[in-house]
Amino acid sequence: MNHWLVKSEPHKYSWEKFNEDGRTFWDGVRNYQARNNLRDMREGDLVLFYHSNEGKEVVGVAKVVKESYQDPTTDDKNWVVVDLSPVETLKKTVTLEQIKADEQLQNISLVRQGRLSVMPLKQEEFDRILELGS
DNA sequence: GCCAACGTTGGC
DNA sequence: GCCAACGTTGGC
């Protein structure tokens with residue numbers, strides 16, 4: 001199983017809204033690297049949900065419920081979406097500040113490549129963030 | 001609101 | 001195919 005982190009600006013699509021919806025397709029990715037990551041997602045993979053701009057923190061865990069398919073919001077064949085459902089809300093949110101300060105999390109893309117909106121995480125990194133959030 | 005990082009576009 | 005210009009993202 002793979003692990004991922006996705007970013008969303010809370011005023012565009014927040015964790016709260018995601019939980020109300022129960023399921024969503026992850027659209028709006030217009031970056032090839034992020035797109036490639038979406039394509040590599042498999043059903044059942046776990047995904048951390050990060051609030052960018054406002055909050056700047058990991059707020060919860062989601063899972064992939066449908067693998068990548070054509071982005072329904074565009075005819076451009078370049079872009080895909082996946083379907084995600086919420087799994088759990090972290091007891092404590094994990095801020096970017098905490099992540100940057102954590103020895104084990106120095107190499108994640110969230111720190112190294114700030115603009116990437118969909119990124120892979122190693123199992124250890126995923127577990128470490130959950131630990132910080134429990 | 002500014003600016004750094006970085007991806008994309010287009011002229012040559 | 002290189003690289004300058006430009007646009008976008010996201011932290012501060």
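Predicted, not measured: the structure shown is a model, and the values here were computed from it. Atoms considered below: every heavy atom in the structure, side chains included; atoms not considered: hydrogens, waters and symmetry mates.
When the salt bridge (charged side-chain N to carboxylate O under 4.0 Å, His left out) test is applied to A:K66, no partner is found at least two apart in sequence or on another chain. Applying the salt bridge (charged side-chain N to carboxylate O under 4.0 Å, His left out) test to A:E125 and every residue at least two apart in sequence or in another chain returns A:K122. Under the side-chain hydrogen bond (donor to acceptor under 3.5 Å, both in side chains) criterion, A:E43 pairs with no residue at all, not counting sequence neighbours.
Counting side-chain heavy-atom gaps under 4.5 Å among Ile, Leu, Val, Met, Phe, Trp and Tyr, the cluster of A:F25 also holds A:Y69, A:V81. Through chains of ILVMFWY side-chain contacts below 4.5 Å, A:Y13 is grouped with A:W4, A:V6, A:W15, A:F18, A:W26, A:V29, A:L38, A:M41, A:V47, A:F49, A:V59, A:V64, A:V80, A:V82, A:L84, A:V118. Grouping Ile, Leu, Val, Met, Phe, Trp and Tyr residues whose side-chain heavy atoms lie under 4.5 Å apart, directly or via other members, places A:W79 in a hydrophobic cluster with A:Y32. When hydrophobic side chains of Ile, Leu, Val, Met, Phe, Trp and Tyr are connected at separations under 4.5 Å, A:V111 ends up clustered with A:M1, A:L5, A:L46, A:L48, A:Y50, A:V58, A:V61, A:V87, A:L90, A:V94, A:L96, A:I99, A:L105, A:I108, A:L110, A:L116, A:M119, A:L121, A:F126, A:I129, A:L130, A:L132.
Look at OH on A:Y32: it is 18 Å from P on C:dG7, rounded to the nearest Å. The distance from atom CZ of A:R112 to atom P of B:dC6 is 10 Å, rounded to the nearest whole Å.
Pairs engaging residues 13-33 of chain A under the salt bridge (charged side-chain N to carboxylate O under 4.0 Å, His left out) rule: A:K17-A:D21, A:R23-A:D83, A:R30-A:D71 [sequence neighbours left out]. Judged as a ring pair (Phe, Tyr, Trp, His ring centres under 6.0 Å), not a single pair has a partner in residues 88-123 of chain A (not counting sequence neighbours).
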Under 3.5 Å, N/O pairs linking protein and nucleotides 8-12 of chain C:
from	atom 1	to	atom 2	distance (Å)
C:dT8	O2	A:R115	NE	3.4
C:dT8	O2	A:R115	NH2	2.8
C:dT9	O2	A:R115	NE	3.4
C:dG11	OP1	A:Y50	OH	3.0
C:dG11	OP2	A:N53	N	3.1
C:dC12	OP1	A:K100	NZ	3.0

Show the distances under 3.5 angstrom between N or O atoms of the protein and N or O atoms of nucleotides 2-5 of chain C.
none

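At a non-hydrogen distance threshold of 4.0 Å, nothing from residues 72-80 of chain A comes into contact with DNA chain C.
Judged by distance alone, the side chain of A:Q113 and the main-chain N or O of A:S117 form no donor-acceptor pair under 3.5 Å.
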